[in-house]
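The structure appears right after this line, and notes come after that.
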Amino acid sequence: MKITSLSLGALGALVVYIALRLSKGFALASIADVYILFMIAALLIYIPAGDKGKKGSLLVLGTLIFFILLELVRPLIPRSLLNVYNFFILVTVLLYFTSKDEGARDLMAPIKATLVGSENRTFRTALFAVVPLFAALITFNIVRPSYEAPGDTRSIHPAPPSSVNVFNKSYNLLTLKNPLRDDAANYAKYVKEGGEVYFKNCFYCHGDKLDGKGHYYHGVNPKPLPFMGTDTIAQLSESFVFWRVATGGPGLPKEGAPWLSAMPIWEHFLTEEEVWKVSMFIYDYSGNKPRTF
Amino acid sequence: MGSFLKRRFIKRQAVVTAFIFTLLLFVPILSHLIASAPDTINASAAFAAEKKEAVESPAAKKEEKSKVEYPPAPKLKEKDYPRIKSMNSRISVWILAQIHLFFAAFVLAVPIFVLVIEGVGKATGDERYDHMAHEFIKVSMTAFSLTATSGGILVFMLIAFYPDFMKYLASVFGSVMIIYAMLFLAESIFLYIYYYGWDNMRYGFRKWVHLTLGLMLNVSGMTIMVLGNSLATFMMAPSGVDASGVFTGHVWEAIRGPLWNALNLHRFIANIAYGGSVVGAYAAYKFLSAKSKEERAHYDWMGYTANIIAISALLPLPFAGYWLTAEIYAYSQTMGITLMGGAFAWLFITQAVLIGALFLSANYYLWCGMERIKGSERYTKYVKYIAAVIVICFLVWFTPHSLIKTPIEEKAIGTHHSLLGPLGLMPAKNSAVNIMILFTFLSFTLYKRSSKITTAAWAKSGVAAEIAIFAVGIVNIIALGIYSYMVTSNIKVGMSVPQVFTTLSIIIAISIIESRMFKNAKSTGDIEWGKMPARSQYALLLLAVSFTWLMGLMGYVRSAIRQHWHVNSIMRDSSPDAFTPTIGYAANVVSISTILFMLLVIFVFWLAQFAAKKQEA
């Protein structure tokens, strides 16, 4: 058996990947760990094949480099997404290696030799015993009851209803506009007053930088929404913001389940005009404009 | 004699041209019929007049006849819906409508590219094209009767389960329904003469008649599609009726709703891609079961052509999809957010995964195809870079904006991931899909080049120009994508237009340079048709299955976006089985429809093979 530098590299990459997984509470309890099983099985076949297993080792190494890079991304990528990323990376690498006959042959030959070759009986028996056992362990850990809360599938921006009853009036959310925006002469005044409303009521959760990291940031779940950046309020029309502020967490529709938001029903504490002013302030401060289409 | 024949030929050409235009007159005549139909054919008028008939005088009746009153949409209760044994009305209609649409898309698409291929055969004089076109249409023949059968069962089910809804729909679209049925008859006549007359009208003047019949088959098929679409878009975004559903009397107003044209374009392009993928699957099936070298070569070529058709239509499809979604968003913010950010958003992520799988399998087929070309070694070294770019774009393409997180991950990340959050927005996705399209085009260009060596003196400059166009174009797409984050949402949506324009410009410019550069190219040897690994054929099969699944999934989303309405905001669905399914439930029903359809498709393939065999005496 000749161990090539490539197979050593693949083995090293696998060790690094397992170490990274260990640092994140790796417990053989995730679909992600099936990839580790896949890599171990592949290396068990390709490393003993020496030069004939070079393509296989390269495949494992190439895939693991992508896997490791993704594990290093910060803030961390949720496991649910990482599993899908890893799956398609593995599929693409496999497609690339098998797009040529020579590549497909090089990958398949060591597998065939291991599975049907007459000289590999003991190794084959061991492989057939160890791999299913390992798979059984992962399965057991996945289905074992745990105390961890399930993943959050909450829809952060649920669709608004077509109309809403607040401030003792009915508003058509499909056509509703901020009436104060038409008064361009007083724009700066409204924004300033909106800022005062914000710092008296909203900043405890949404933060003085509007980044969603106020005093109560650590105490609430789900976390308060940040307004900075281009992927929250910049995506929404002002009627949506009006609806969310006025009705708060309890006003979330069915698809906003499980309705854990700590957002109060602001129509109980603010006037209609104050809601519009605070909306103008958060758009102005974050450098965004409400969506009109 | 020669000049006489020439004159006679010109005369015949003139007759054929006149014939084509006469037949094309069908379209405006039908449009006129539809527009004026409410006065003459209208079911609602009948039942509105029926109630008054007993009490009114003949004079008043005459006056009433000229002034038609239309009823509002009925407000139904659960008891208004018939219960039929233990059948679930929603699931039954859902599955059947889906299977009908799968077949309908297939049989509408195949004649389009069959006509084009037949035309290419006529123009080039290469009979192989004619044979292939004939074989393509043969596959669709059984599918045509299955389309009609499933459509018939669907209509009966709709009447049995939703009689009041169908009555209301007929009160608005009665005339359209009748014309739809008549057009189906016309389509059948054109199709049968087109198919059974293929060998009889193979050469000379008769070939022109045959091509004309193919054109008419497509005209009737396309008109059927756009009329059918008008009912679907009316249910989503009603027009031509007031807030209580009272019909204004102008059926054209009801047809051309805000979503109609966007859906027409999207379905037209998607049908071609779908039809290409299904005949590609047929070719793969025949390739894998081929006994002789010649057969393998023929079906390899057929599969290659089908793949090109499917991919050519797949490339512009995302843009048509954007237009449709933008129209939905513009029509109703609630619908738009439910679609892209709310209850249905995860189905779009599934859609993105399936579209990525389509791109991967189409590229894989091209990469494998290089193996059958001598001289392809010059280009196969680039495949790894293309694969890397496509997979990176693919990952961006399906990254969701709202992530599924465990509580520990939620603590570490917050509500929005600072890196992945922006990737979940359209600017990133638009950039990714444009680049994915361009690199698929690159795979195709390298494939086409593999068998040729240019002899043009300016080849080096040509390649340099191509690289420059490609690189500058991609930089432009990325720059526009980044800039989109800095502007308001209105401009952001519009920014996809210059991105698409860049992509199309690159494709057109490089195609022109390539065609000039390889005009008198040296060949590296014949393409060895049939020298394809079996695994490449599974990529073709995957393409057809993915397309079917995708159509089922997105078809469900388009229809279910109405949620608890038969006709959005006008007629409520109060039937006992009405509910908006969870994503898993919907995915299961769509998967069952896909499996049922694929089983029927296997039957169609088998039948085509079965019919070709002669029993030995």
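Quick note on labels: first sequence line is chain A, next is B, and so on, each numbered from 1.
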Okay, A:Leu174 and chain B: the region with an atom under 4.5 Å from a heavy atom over there is side chain

Between the CZ atom in B:Phe394 and the CD1 atom in A:Ile89, the distance rounded to the nearest 0.5 Å is 10.5 Å

Between A:Pro75 and B:Ala412, which heavy-atom pair has the shortest distance, and what is it? CB-O, 4.4 Å

Has B:His564 got more than 12 heavy atoms of other residues, nucleotides or ligands less than 6.0 Å from its NE2? yes

Any donor-acceptor N/O pair, B:Glu409 side chain to A:Ile77 backbone, under 3.5 Å: no

Are the side chain of B:His401 and the backbone N or O of A:Thr232 linked by a donor-acceptor pair below 3.5 Å? no

Do any N or O atoms from the side chain of A:Thr92 and from the backbone of B:Ala387 form a donor-acceptor pair under 3.5 angstrom? no

Give, for atom NZ of B:Lys405 and atom CG of A:Leu76, the distance between the pair rounded to the nearest 0.5 Å. 10.5 Å

Using the rule given for side-chain contact (heavy atoms from CB on, under 4.5 Å), can you reason through A:Thr98 versus B:Trp367, listing the C-alpha separation, both sets of side-chain angles and the distance that settles it, and then say yes or no? CA-CA 9 Å; A:Thr98 58; B:Trp367 301 337; over 6 Å; no

For B:Thr334 and A:Pro160, indicate whether the former's side chain and the latter's backbone hold a donor-acceptor pair under 3.5 Å. yes

Check whether more than 12 heavy atoms from other residues, nucleotides or ligands sit under 6.0 Å from atom NZ of B:Lys531, and answer yes or no. yes

Under 4.5 Å from a heavy atom of chain B, the part of A:Pro253 involved: neither

Are any side-chain N or O atoms of B:Glu371 and backbone N or O atoms of A:Asp101, one a donor and one an acceptor, separated by less than 3.5 Å? yes

Need one label for B:Tyr364: side chain, backbone, both or neither, based on atoms under 4.5 Å from any heavy atom in chain A. side chain

Of all heavy-atom pairs between B:Val353 and A:Phe88, which one has the smallest distance, and what is that distance? CG1-CZ, 3.3 Å

Rounding to 0.5 Å, atoms CG (A:Leu82) and CG (B:Leu403) come to a distance of 11.5 Å

Just checking B:Tyr382: does its OH atom have more than 12 heavy atoms from other residues, nucleotides or ligands closer to it than 6.0 angstrom? no

Locate the shortest heavy-atom distance separating A:Pro78 from B:Ile404; write the atom from each residue and the value. CB-O, 3.5 Å

Among A:Ser99, A:Pro158, A:Ala104, A:Pro161, which residue has the highest count of heavy-atom pairs closer than 4.5 Å to chain B? A:Ser99

Bottom line for A:Val73: the part with an atom under 4.5 Å from chain B's heavy atoms is side chain

Which atoms of A:Phe97 are under 4.5 Å from chain B, going by heavy atoms: the side chain, the backbone, both sets, or neither? neither

Are more than 12 heavy atoms, taken from residues, nucleotides or ligands other than B:Tyr538, located less than 6.0 Å from that residue's OH atom? no

Step through it carefully: locate the ring centre of A:Tyr96, locate the ring centre of B:Tyr385, and say whether they are under 6.0 Å apart. no

Got a second to check how far A:Ser237's OG is from B:Ile337's CD1, nearest 0.5 Å? 6.0 Å

Do other residues, nucleotides or ligands put more than 12 heavy atoms under 6.0 Å from the NZ atom of B:Lys384? yes

Just so I understand: if I count every heavy-atom pair under 4.5 Å between each of A:Arg74, A:Lys289, A:Glu102, A:Lys100 and chain B, which residue has the most? A:Lys100

Let me know if B:Leu420 has heavy atoms under 4.5 Å from chain A in its side chain, its backbone, both or neither. side chain

